[in-house]
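Okay, handing you the structure first.
Note that this is a predicted model, so its numbers are computed, not measured. What you see below is based on every heavy atom in this structure, not just the backbone, and it leaves out hydrogens, waters and symmetry mates.
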Amino acid sequence: MFDIRENLKKLPDSPGVYMHKDRLGQVIYVGKAVSLRSRVRQYFQKSYQSTSPKVRALAANIAEFEYITCSSEMEALILECNLIKKYMPKYNVLLRDDKTYPYIMVTTGENYPRVVKTRRIRKDGNRYFGPYSDAGAVNEIVDLFNSTYALKRCPAQTFPKSHRPCLNYFIGQCRGMCCPEEHAVNREEYMKNIDEIIQFLSGKDKPLLRRLTDRMQAASKTMNYEEAARWRDAIRAVKALSETQRVTMITDKDMDVVLAVKDEERSFVVLFPVRDGKLSGRETFQIQTDAEDTRRDMVAEFIKQYYSQWAVVPPEILIEEELPEHALLEEFLSREGRRVHLTVPKRGDKRALLNLTRRDVAEMTKTLAVRAETKRERQDAVRREMDSVLEAAGNPRQNRNEPIRVESYDISNTNGVDSVGAMVVFSGIDKIRRDYRRFKVRTVEGPDDYGSLQEVLYRRYKRAVDGDPGFIRLPDIIMMDGGLGQVHAAQTVLNAMKLDIPVVGMAKDDHHRTRALVFGDGDEMDLRQHPVLFRYAGTIQEEVHRFAIDYHHQLHGKNSMHSALDDIPGVGPKRRNELLYHFKTIDAIRGATEEELRRVPSVTEQVARNIYEYFH
């Protein structure tokens with residue numbers, strides 16, 4: 001057993017990071033300290049515990065702690081940031097957005113650089129731009145660059161002499177760098193294009209627009225109208241991506257404006273990026289806080305957690321008030337010799353910009369408040385209706401203040417082939433996508449939906465009974481995509497496993513619209529009399545059906561691509577493709593002699609014998 005008193009005596013008087021854990025061994029708080037000995041001991045002193053309810057609640061739940069010593073306070077700050085992201089501790093101020101934002105990577109470490117979307121930054125010598133909140137815009141700009149400049153797209157760096165260009169070359173979307181002997185590519189011109197792309201991604205769109213316009217006009221003068229149209233479309237796309245710019249400042253610097261908003265119900269940070277002197281867009285981030293966390297605390301933690309994933313940080317960040325550890329945060333943000341300043345503007349253009357963004361945030365807050373109230377009303381209406389469904393099923397809830405947790409299941413197959421099951425989860429009206437699960441049906445053959453459904457349910461709830469953390473939380477109700485047959489199939493499994501979970505079916509009419517909820521005893525609730533339930537059940541039904549169909553199509557498509565050649569020893573994807581290119585069809589390969597098979601460059605004598613023996 002961990003002895004807190006004894007371990008407090010062993011704490012070193014040096015910088016480091018400490019992690020408080022609860023009785024289950026889960027990390028509930030991560031902090032850094034100039035002196036671990038002084039800082040960690042504070043949590044066990046009554047005078048410090050009385051400073052705030054948050055500290056008091058944290059101290060009451062500490063069962064053990066760990067620490068990692070560091071050589072400097074900066075090293076401790078970086079480690080603290082990484083550990084907060086890893087453990088997402090309950091008592092830390094947290095950036096709640098769990099999605100991974102995309103970046104645009106220019107592979108400058110390659111002979112012919114590529115422009116690709118990525119969600120991970122590596123120290124590999126390449127240039128990264130982002131992160132961007134709009135993945136669709138990232139896809140659009142990457143496609144624009146690849147098509148406009150005919151950039152190299154494949155990651156391969158070396159190619160055999162017999163290599164043939166891919167389809168992108170033949171449709172004019174690549175210059176054929178893979179076959180330099182046949183398709184000479186001017187690397188100097190190629191790198192000029194890459195420089196233009198890097199300039200644009202750095203926020204400077206004027207040089208790119210000017211060059212694209214010059215090329216369009218030059219092509220038009222020579223009456224090469226197809227090429228001129230291509231440059232015209234590129235200009236339109238670049239302008240479209242810059243349309244969010246709303247105000248121009250006197251300065252031409254890059255900077256960000258970071259503001260925190262906090263009331264009794266919501267906490268979020270709003271980021272306004274300024275690029276090339278233009279305010280372009282607005283991004284909102286949800287923050288997990290406690291009542292005593294100030295807006296200053298929120299901004300400080302946001303800056304640490306958000307900008308730690310950036311490859312390049314703007315040289316200036318405007319904030320409303322001085323932050324704790326202001327100088328240390330500036331040092332943390334400064335990279336590769338580029339100094340970053342956290343500025344609290346008092347007058348001039350920067351103060352005017354800060355006031356502008358404040359007014360924008362005030363208007364946005366009003367809109368968010370209306371949306372939040374509308375969502376709360378919908379959530380309450382669904383909760384009341386679903387509680388009446390649980391009562392009708394004979395399983396009323398004890399705590400009716402919490403959103404109801406719903407699981408729904410569906411089976412998808414093609415005439416019994418590639419059968420899969422899907423499980424979606426709702427908490428009230430919210431989709432809990434991290435809890436979605438999909439199952440490949442293993443034991444049931446043929447179009448037996450009931451048997452497939454029972455296998456899926458057994459596997460899901462067996463994992464729960466065995467204590468699997470990913471499956472351990474049980475729903476308040478199961479809503480099956482189907483009628484009485486699906487309900488009875490599910491109840492059979494649950495009864496065998498001694499699980500008391502109510503099950504209802506979502507039956508459709510002849511027009512495939514949800515018409516009623518079906519209970520295990522055959523009773524039905526006509527949803528025409530319950531418009532809230534009608535919309536809610538329809539949403540769940542569409543979501544589980546979509547999730548099942550998507551997985552089935554993915555699996556079926558993968559299996560359909562399997563070739564008989566894949567089962568032959570010595571024939572991998574490359575040889576398979578060369579054989580098909582040479583002989584055109586499987587039947588032609590089947591009828592070929594060993595000598596004819598050996599005429600394919602990569603087919604050895606042994607592989608030719610394997611192919612011939614396989615078909616004969």
(message) Assess whether a salt bridge exists between E325 and K32, defined as any Lys/Arg side-chain N lying under 4.0 Å from an Asp/Glu carboxylate O.
(response)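 Yes.
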(request) Look only at the side chain of D466 and the backbone of D468, and say whether a donor-acceptor pair between them is shorter than 3.5 Å. (result)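 Side chain of D466 to backbone of D468: no pair is present.
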(request) Could you pull out the closest heavy-atom pair between T108 and N126, with the gap in Å? (result)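 Heavy-atom minimum between the residues: N-OD1, 3.3 Å.
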(request) Measure the spacing between CE of M423 and OH of Y409 and express it to the nearest 0.5 Å. (result)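 It comes to 4.5 Å.
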(request) Check whether any side-chain heavy atom of L342 sits under 4.5 Å from a side-chain heavy atom of I303, and report yes or no. (result)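 Yes, close enough: below the 4.5 Å cut-off.
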(request) Kindly check if the number of other-residue, nucleotide or ligand heavy atoms within 6.0 Å of CZ (R473) is above 12? (result)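 Count not over threshold, so no.
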(request) To the nearest 0.5 angstrom, please state how far the CD1 atom of I287 sits from the CD atom of E301. (result)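 Output value for this atom pair is 9.0 Å.
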(message) Would you say Y91 and N61 are linked by a side-chain donor-acceptor pair, where the criterion is simply a distance under 3.5 Å?
(response)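 Per modelled atom types, N61 and Y91 side chains form a pair under 3.5 Å.
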(request) State the CG-SG distance between L36 and C70, to the nearest 0.5 angstrom. (result)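 So the gap between those two atoms works out to 8.0 Å.
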(request) Run the salt-bridge test on E6 and K10 with the 4.0 Å N-O cut-off and return the result as yes or no. (result)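 No, E6 and K10 are not salt-bridged.
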(request) Might you point out which heavy atoms bring D3 and R5 nearest each other, and give the distance in Å? (result)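 Scanning both residues, the minimum pair turns out to be OD1-N, 3.2 Å.
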(message) Please check this pair: side chain of D256 against backbone of I317, looking for a donor-acceptor N/O pair closer than 3.5 Å.
(response)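 Such a contact is absent between D256 side chain and I317 backbone.
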(request) Give the intermediate values and the outcome of side-chain contact (heavy atoms from CB on, under 4.5 Å) for residues L328 and E73. (result) CA-CA 8 Å; L328 182 63; E73 190 178 4; 3.4 Å; yes
(message) Between Y436 and E407, do the side chains contain a donor N or O and an acceptor N or O under 3.5 Å apart?
(response)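 Not at all, the side chains of E407 and Y436 share no donor-acceptor pair under 3.5 Å.
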(request) Please indicate whether K90 has more than 12 foreign heavy atoms, meaning atoms of other residues, nucleotides or ligands, lying under 6.0 Å from its NZ. (result)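 Not more than 12 within 6.0 Å, no.
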(request) Report yes if some heavy atom in the side chain of I404 is under 4.5 Å from a heavy atom in the side chain of L390; otherwise report no. (result)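 Yes, their side chains come closer than 4.5 Å.
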(request) Could you verify whether a donor N or O on one side chain and an acceptor N or O on the other, from S72 and E75, lie under 3.5 Å apart? (result)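 Judged by distance alone, the side chains do not pair up.
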(request) Look only at the side chain of S52 and the backbone of V55, and say whether a donor-acceptor pair between them is shorter than 3.5 Å. (result)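 Looks like yes, one N/O pair under 3.5 Å.
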(request) Could you tell me whether the side chain of T69 and the main chain of G16 form a donor-acceptor pair under 3.5 Å? (result)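 Looks like no, no N/O pair under 3.5 Å.
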(request) Establish, yes or no, whether the cationic atom of R437 lies under 6.0 Å from the six-membered ring centre of F471 and within 45° of the ring axis. (result)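 Judged by the rule (NZ or CZ under 6.0 Å from the ring centre, within 45° of its axis), R437 counts as positioned above F471.
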(request) Would you check, one step at a time, whether the test side-chain contact (heavy atoms from CB on, under 4.5 Å) holds for K21 with F65? (result) CA-CA 6 Å; K21 297 183 178 183; F65 59 81; over 6 Å; no
(message) Quick check: do Y536 and E385 have side-chain heavy atoms less than 4.5 Å from each other?
(response)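 When only atoms from C-beta onward are counted, E385 and Y536 do not touch, as no gap falls below 4.5 Å.
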(request) Decide yes or no for R295 and D297: does some side-chain heavy atom of the first lie under 4.5 Å from some side-chain heavy atom of the second? (result)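 No, every pair of side-chain atoms sits at 4.5 Å or beyond.
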(request) Heavy atoms only: give me the nearest M255-K350 pair and the separation to one decimal. (result)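 In this case the closest contact between M255 and K350 is CE-CE, 4.1 Å.
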(message) Check this for me: does any side-chain nitrogen of one of R405 and D435 sit under 4.0 Å from a carboxylate oxygen of the other?
(response)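 Salt bridge flag = yes for D435 with R405.
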(request) I would like to know whether I501 and I477 meet side-chain contact (heavy atoms from CB on, under 4.5 Å); could you show each step before the answer? (result) CA-CA 6 Å; I501 303 173; I477 188 171; 5.8 Å; no
(request) Answer yes when R296 and E322 have at least one side-chain N-carboxylate O distance shorter than 4.0 Å, and no when they do not. (result)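 The answer is no: the pair does not qualify as a salt bridge.
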(request) Of all the heavy-atom pairs spanning D380 and R383, show the shortest one and how long it is. (result)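 The pair with the smallest heavy-atom distance is OD1-NH2, 2.7 Å.
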(message) I'd like to know if the side chain of T118 and the backbone of M105 have a donor-acceptor N/O pair within less than 3.5 Å.
(response)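 Flag not set: sc T118 to bb M105 has no pair under 3.5 Å.
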(request) Locate the shortest heavy-atom distance separating P89 from Y29; write the atom from each residue and the value. (result)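 Answer, listing the atom of P89 first, then Y29: CB-N, 3.6 Å.
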(message) Would you compute the distance between atom CD of Q305 and atom CD of E80 and round it to the nearest 0.5 angstrom?
(response)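 Spacing of CD (Q305) from CD (E80) equals 8.5 Å.
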(request) Check whether any side-chain heavy atom of V106 lies under 4.5 Å from a side-chain heavy atom of I194, and answer yes or no. (result)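 When only atoms from C-beta onward are counted, I194 and V106 do touch, with a gap below 4.5 Å.
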(message) Quick one: does any side-chain atom of S334 pair with a main-chain N or O of V340 as donor and acceptor, under 3.5 Å?
(response)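 Yes; at least one donor-acceptor contact below 3.5 Å.
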(message) Using modelled atom types and a 3.5 Å cut-off, is there a donor and acceptor pairing between side-chain atoms of R37 and backbone atoms of L11?
(response)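 Between the backbone of L11 and the side chain of R37 there is a qualifying donor-acceptor contact (under 3.5 Å).
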(request) Using a 4.5 Å cut-off on heavy atoms from C-beta on, say whether the side chain of F426 contacts that of I432. (result)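 No; the side chains remain at least 4.5 Å from each other.
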(request) Using atom types as modelled and distance alone, determine if a side-chain donor or acceptor of D410 lies under 3.5 Å from a backbone N or O of A548. (result)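 Answer holds: no.
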(request) Begin with the C-alpha distance, continue with both residues' side-chain angles, and end with the deciding distance and a verdict on ring-ring contact (aromatic ring centres under 6.0 Å, His included) for Y18 and Y43. (result) CA-CA 12 Å; Y18 56 92; Y43 289 93; 5.6 Å; yes
(request) Give, for atom CG of L83 and atom CD1 of I78, the distance between the pair rounded to the nearest 0.5 Å. (result)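 Spacing of CG (L83) from CD1 (I78) equals 12.0 Å.
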(request) Tell me yes or no: between the side chains of R376 and Q379, is some donor less than 3.5 Å from an acceptor? (result)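 Distance-only check fails for R376 and Q379.
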(message) Is any side-chain heavy atom of D476 closer than 4.5 Å to one of N395?
(response)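 No; the side chains remain at least 4.5 Å from each other.
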(request) Look at the side chain of R39 and the backbone N and O of A33, then say whether any donor-acceptor pair between them is shorter than 3.5 Å. (result)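 Side chain of R39 to backbone of A33, a donor-acceptor pair under 3.5 Å: no, none is there.
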(request) Check whether any side-chain heavy atom of R153 lies under 4.5 Å from a side-chain heavy atom of N146, and answer yes or no. (result)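 With C-beta onward as the side chain, the pair touches.
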(request) Assess whether salt bridge (Lys or Arg N to Asp or Glu O under 4.0 Å) is satisfied between R339 and E330, documenting all intermediate values. (result) CA-CA 8 Å; R339 185 70 183 172; E330 287 185 331; 3.7 Å; yes
(request) Classify the ring geometry between F285 and F302 as parallel (under 30°), tilted (30 to 60°) or perpendicular (over 60°). (result)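 Aromatic pair F285/F302 classed tilted.
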(request) Check the side chains of S35 and D13 for a donor-acceptor pair under 3.5 angstrom, ignoring hydrogens and angles. (result)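 Looking only at side-chain atoms, S35 and D13 do form a donor-acceptor pair, the distance falling under 3.5 Å.
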(message) Donor-acceptor check, side chain of R397 to backbone of D387, threshold 3.5 angstrom: yes or no?
(response)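 No, because the side chain of R397 does not come within donor-acceptor range (under 3.5 Å) of the backbone of D387.
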(message) What's the separation between atom NE2 in H20 and atom CD1 in I28, rounded to the nearest 0.5 Å?
(response)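 Atom-to-atom, H20:NE2 and I28:CD1 are 7.5 Å apart.
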(message) Please find the pair of heavy atoms, one from C81 and one from K304, that lie closest to each other, and give the distance.
(response)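 Where C81 meets K304 most closely, the heavy atoms are SG-O, 3.1 Å.
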